[in-house]
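The next block holds one structure in the form of structure tokens; read it before the comments.
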There are 2 protein chains.
Amino acid sequence: MAARASSKTSESSDKVSVICRALRRAIIEQALEPGAKLPEDALGERFGVSRTIARHALGQLAAEGLVELRRNRIAVVATPSWQEARDAFDIRIELERLVVRQLAGKLTKAQIAELNAHVDAEDRARGGADAVSIRLATEFHILLAHMTNSPILVRYVSEVAYRCCLTLSLYSRPHSTECAINEHRAIIAALAKGDAAKVMELMHHHLDSVANRALVAPTPQRGRDLLDILAPYADEVTSNRVVKLPKIARRG
Amino acid sequence: MAARASSKTSESSDKVSVICRALRRAIIEQALEPGAKLPEDALGERFGVSRTIARHALGQLAAEGLVELRRNRIAVVATPSWQEARDAFDIRIELERLVVRQLAGKLTKAQIAELNAHVDAEDRARGGADAVSIRLATEFHILLAHMTNSPILVRYVSEVAYRCCLTLSLYSRPHSTECAINEHRAIIAALAKGDAAKVMELMHHHLDSVANRALVAPTPQRGRDLLDILAPYADEVTSNRVVKLPKIARRG
DNA sequence: AGCGCTCCAATTGCATGCAGTTTGGCTTCC
DNA sequence: GGAAGCCAAACTGCATGCAATTGGAGCGCT
């Protein structure tokens, strides 16, 4: 028996949604790096729509955490801090444990075949671009979420998985996908067998190891948050000499 | 020591954000019932902004799942199905277990005082409007999430908690807040004591019992989704007799 | 009465225009 | 040489206007 009755969750075909999808994909495939500027004008022109639409799309992506929006400033691709990346993975672990708990032993043969086919695709993509491997791996997890037929769960898993994608591009060293693929296969097997506890443990370990492999320590230099990086240095300067750095320094 | 360093997570002061907050509150306090229409014009006029802004706000709320947006149709307050409500609570349980796991034993005295103060407020609100009690109870959980200083966690817990609020208004029988307040106090105590396992168990039980108390069985009649209710009948009709229900039925 | 049709008011989808803010370079002055 | 100040270009925030779609009232037909 299927995990649950069918239900639609696809995004509508608004121009806004189209642009959202395009940008989302560009971001997770790292065509747009974290920090990349996203001016409304440029987006509108590129996609052949008005600024209004581009703006709306940016709003949606900001709601998903893929884009940062500051008043009167150009929107940029989100640059999650290391801590945020770690938080995202923690949340993801819990959500995906829930996914496999709901799915264990409840998948149809067809669904299992679909999962296996996806992993086969991941396998074939080995050796190709890292970005593609990462995207496929992410989509495996989203495919799982879809099978719960819980639209809310799908949304949250998708969002947090995309965010994790984003952070992988920031903090990851060259990706090794081999074991990830094997772990995907193990998860499918355990799901088919119906061992909920086992598959939750597998998923937990899988995500945890991906996170640990990727998020290598607080990586001081790639931490990106200039303010944080310079804080200790700034402390030294400001406490010993002057109060304000740029304006009054010349008077001292 | 505080659970983590400070971080800002508040919504900006755009007109859009202001309207979002207003609508969100109206929805969770049931001033706007599920299914209520939200025409852009009316919203814009009411809040003294243009349709553009109202529209954008609706988009954000739709991303949060509080509003349903269908192309070329008037936006309406979301009407989650019973199953979606149950799913939301399942997700919420996992997320909030994570919250208290992170918080156990890491709260400052000031934070504990803040939590106690909030529960006191809940206590004082007893006997008042149900909607207010529910909102305060929800805000207790969001307050907890804030103390993790994980913006992502705050966002997800807030969203899913609001959704649960919404479903409570749909499926709940008259709310009994007494035990919920006691359970909140128990959670604070366990957090202060630092017993992570205990507080996770408490939170799990707390949310589960709220859900079970509220989501009384699939309540066939209040299920609201006419299509679902009629599905079995329609199956019978379409498979045995004719293809379309309204147009051809009269000919049979 | 019941059913279908037509047409109009209501409403959304989207582009454009204008005002206010930020950015970055240029000039000026030390 | 380098910092402060100024100015124009770039960009966002928002309102308004127009075309397209919807839904429902009214009307005629059976």
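Order of the sequence lines sets the chain letters (A, B, ...), proteins ahead of strands, with each chain counted from 1.
Per the geometry, CG belonging to Asp14(B) stands 14 Å off P belonging to dT21(C), to the nearest Å. The separation between Ile53(A) atom CD1 and dG13(D) atom P is 16 Å, rounded to whole Å. In this structure, Lys15(A) atom NZ and dA20(D) atom P are separated by 12 Å, rounded to whole Å. Taking atom NE2 on His56(A) and atom C1' on dT16(C), their separation rounds to 18 Å, with Å as the unit. Rounded to an integer number of Å, the gap from Ile19(A) CD1 to dG13(C) P is 14 Å.
The backbone N or O of His141(B) lies less than 3.5 Å from no partner atom in the side chain of His118(B), so there is not a single donor-acceptor pair. Looking only at distances, a side-chain donor or acceptor of Gln60(A) sits under 3.5 Å from a matching main-chain atom of Gly59(B). Using modelled atom types, no side-chain atom of Arg135(B) and backbone atom of Cys165(B) make a donor-acceptor pair closer than 3.5 Å. A donor-acceptor pair is defined here as one N or O able to donate and one able to accept, closer than 3.5 Å; such a pair exists between the side chain of Glu68(A) and the backbone of Thr79(A). Counting only distance, with no hydrogens or angles, the side chain of Arg55(B) and the backbone of Gly44(B) share no donor-acceptor pair below 3.5 Å.
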Enumerate all atom pairs, one protein N or O and one N or O from nucleotides 6-12 of chain D, separated by less than 3.5 Å.
| from | atom 1 | to | atom 2 | distance (Å) |
| --- | --- | --- | --- | --- |
| dT12(D) | OP1 | Glu40(A) | N | 3.2 |
| dT12(D) | OP2 | Glu40(A) | N | 3.1 |
| dT12(D) | O3' | Asn72(A) | N | 3.3 |

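Taken to the nearest 0.5 Å, the CD1 atom of Ile53(A) stands 12.0 Å off from the CG atom of Leu43(A).
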